[in-house]
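The next block holds one structure in the form of structure tokens; read it before the comments.
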Protein chains: 2
Amino acid sequence: MRVTVDIVIFTVRDEALQVLLVKRGVPPFQGQYAIPGGFTHEEESLEDAALRELYEETGVRDVFLEQLYTFGDPRRDPRGRIITVAYYALIASDKLSVTAGADAAEAKWFSLEKLPALAFDHCRVLAYALERLQNKLEYTTVGFQLLQEKFTLSELQVVYEAILGKRMDKRNFRRKIRQLGILKPLREWRRTGRKPAQLFRFAARRIADL
Amino acid sequence: MRVTVDIVIFTVRDEALQVLLVKRGVPPFQGQYAIPGGFTHEEESLEDAALRELYEETGVRDVFLEQLYTFGDPRRDPRGRIITVAYYALIASDKLSVTAGADAAEAKWFSLEKLPALAFDHCRVLAYALERLQNKLEYTTVGFQLLQEKFTLSELQVVYEAILGKRMDKRNFRRKIRQLGILKPLREWRRTGRKPAQLFRFAARRIADL
DNA sequence: CCAAAAGTGTTAGGAGTACACCCATGG
DNA sequence: CCATGGGTGTACTCCTAACACTTTTGG
């Protein structure tokens with residue numbers, strides 16, 4: 001039985017939640033876009049396999065990565081029985097400049113609003129990843145993974161709005177974040193063209209489950 | 001690569017959360033208890049494999065079953081690389097009278113408080129299942145899976161207390177359940193030795209994510 | 001001086017928590 | 001008649017959601 005790992009790689013750019021997809025060069029589903037992934041090696045853990053694939057696709061290490069679900073319908077891959085352990089990863093958009101992994105020639109970012117048709121059952125995988133991300137956003141601090149080290153509260157709000165797909169009230173949002181007590185205000189301001197915005201740093205030891 | 005499914009089977013009996021474990025008859029870990037499970041067949045989905053194992057162990061069908069996590073550390077099984085897709089299941093204690101599957105000779109229920117040493121990394125799997133069950137209990141209606149069709153509010157509260165491992169206030173508990181609006185009060189009372197208790201039925205279309 | 005984003009408080013409703021007594025029954 | 005579990009309401013706190021104006025800057 002063959003086992004693959006697929007990684008749904010999210011980022012927030014241009015105020016939109018985006019996902020990295022690769023165009024398949026070989027059948028089945030040749031020419032269609034798919035979630036990046038590949039077969040696990042014999043001597044690596046599933047998470048290591050996911051990290052390896054992620055690095056090959058994006059050139060990025062040290063990002064948030066979490067197992068999502070394992071898909072094992074015997075007919076999900078026309079080549080035969082393939083089990084896929086799906087992961088999702090969050091990457092801050094400022095780390096993406098180096099978007100040049102080995103296979104990256106055919107990799108492209110898509111806004112969740114404008115997805116192409118996807119190979120295999122990847123539409124379902126993606127839907128599941130989005131749902132998980134939305135839920136985690138509400139009761140953990142994963143959202144900070146999508147920002148640079150220093151960020152403004154408005155940038156943080158953009159991340160939340162992009163993921164949840166809805167506008168939020170500025171004052172309520174700031175109060176909620178403030179009373180989490182996990183932001184360190186800096187004595188720095190970002191000149192943004194208009195009134196400068198104060199910068200903050202995420203100041204919790206780890207990604208907290210609240 | 002070989003793939004197994006393991007199923008953490010929970011029930012609540014004698015006011016305690018219990019889990020079904022089987023004693024291993026062959027090495028490795030011979031004589032130790034383990035979470036029931038087995039290899040997947042080539043032509044069945046992961047969920048079907050889990051349902052099959054569950055039926056073989058307990059003789060029960062039509063129970064709540066949900067995928068938990070996939071464990072894939074290359075060294076988790078001394079026999080070699082084995083990936084395990086873990087599930088957890090909830091069974092109402094009144095369905096357990098038929099606890100006589102094929103392999104059931106060495107199967108036994110254990111209270112979560114008094115677990116034996118477990119084979120492989122099954123201690124971790126079990127801890128993960130318990131955590132998931134506790135979380136799901138708070139924001140879904142999975143708890144009803146552990147009761148008979150007709151039950152009293154006190155019985156429901158016992159289920160919640162057994163899973164969460166803490167006492168709850170009777171009035172607050174009843175108010176919370178009542179305002180979920182998913183219980184149908186029956187015109188029946190259970191004679192319990194003291195004052196009769198009103199019976200209820202779970203009356204939602206499906207297990208609601210609230 | 002104007003456009004644009006930054007920043008800030010109050011109020012009302014709902015949910016959770018703490019808490020104590022009477023009731024119906026079987027023995 | 002008494003032991004046992006069934007059943008009920010109120011007050012407080014906290015979180016959420018709705019809502020509008022002033023400030024600072026660059027052009």
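First the proteins, then the strands, lettered A, B, ... as listed; each starts at 1.
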>> As a quick check of understanding, evaluate ring pair (Phe, Tyr, Trp, His ring centres under 6.0 Å) for Y33(A) and F110(A), giving each step before the final call.
In response: CA-CA 10 Å; Y33(A) 280 95; F110(A) 287 87; 4.8 Å; yes

>> Using a 4.0 Å cut-off on heavy atoms, which residues in residues 146-163 of chain B reach DNA chain D? List them by number, or say none.
In response: S154(B)

> Listed in order of residue number, which residues of residues 186-194 of chain A have a non-hydrogen atom at under 4.0 Å from DNA chain D?
Replying inline: G193(A), R194(A)

Spacing of [X] atom [atom1] and [Y] atom [atom2] [to the nearest 0.5 Å]:
{"X": "I182(A)", "Y": "F144(A)", "atom1": "CD1", "atom2": "CZ", "result": "4.0 Å"}
{"X": "K108(B)", "Y": "L21(B)", "atom1": "NZ", "atom2": "CG", "result": "9.5 Å"}
{"X": "T140(B)", "Y": "E138(B)", "atom1": "OG1", "atom2": "CD", "result": "9.5 Å"}

>> Under a 4.0 Å threshold between the charged nitrogen and the carboxylate oxygen, would R52(A) count as salt-bridged to E44(A)?
In response: yes

> Can you name the residues that form a salt bridge (Lys or Arg N to Asp or Glu O under 4.0 Å) with R13(A), not counting sequence neighbours?
Replying inline: none

Rounded to whole Å, how long is the line connecting atom [atom1] of [X] with atom [atom2] of [N]?
{"X": "Y139(A)", "N": "dT16(D)", "atom1": "OH", "atom2": "P", "result": "16 Å"}
{"X": "R178(B)", "N": "dG6(D)", "atom1": "CZ", "atom2": "C1'", "result": "13 Å"}
{"X": "R167(B)", "N": "dG16(C)", "atom1": "CZ", "atom2": "C1'", "result": "19 Å"}

>> I need a per-nucleotide contact map over nucleotides 17-23 of chain D, read 5' to 3'. Cutoff is protein heavy atoms under 4.0 Å; write B for the base, S for backbone only, - otherwise.
In response: BBBB--B

> Residues two or more places apart in sequence or in another chain: which of them pass ring pair (Phe, Tyr, Trp, His ring centres under 6.0 Å) with Y160(A)?
Replying inline: F173(A)

>> Can you work out whether K176(A) or P196(A) has the more 5'-proximal nearest nucleotide on DNA chain D?
In response: K176(A)

> Under 30°, 30 to 60°, or over 60°: which ring-plane class applies to Y69(A) and Y128(A), parallel, tilted or perpendicular?
Replying inline: tilted

> Is the distance from OP1 or OP2 of dG16(C) to the nearest side-chain N or O of Q179(B) less than 4.0 Å?
Replying inline: yes

> Can you name the residues that form a side-chain hydrogen bond (donor to acceptor under 3.5 Å, both in side chains) with E188(A), not counting sequence neighbours?
Replying inline: K150(A)

> So R132(A) and E66(A), salt bridge (charged side-chain N to carboxylate O under 4.0 Å, His left out) or not? Walk me through it.
Replying inline: CA-CA 10 Å; R132(A) 174 74 81 56; E66(A) 186 177 271; 3.5 Å; yes

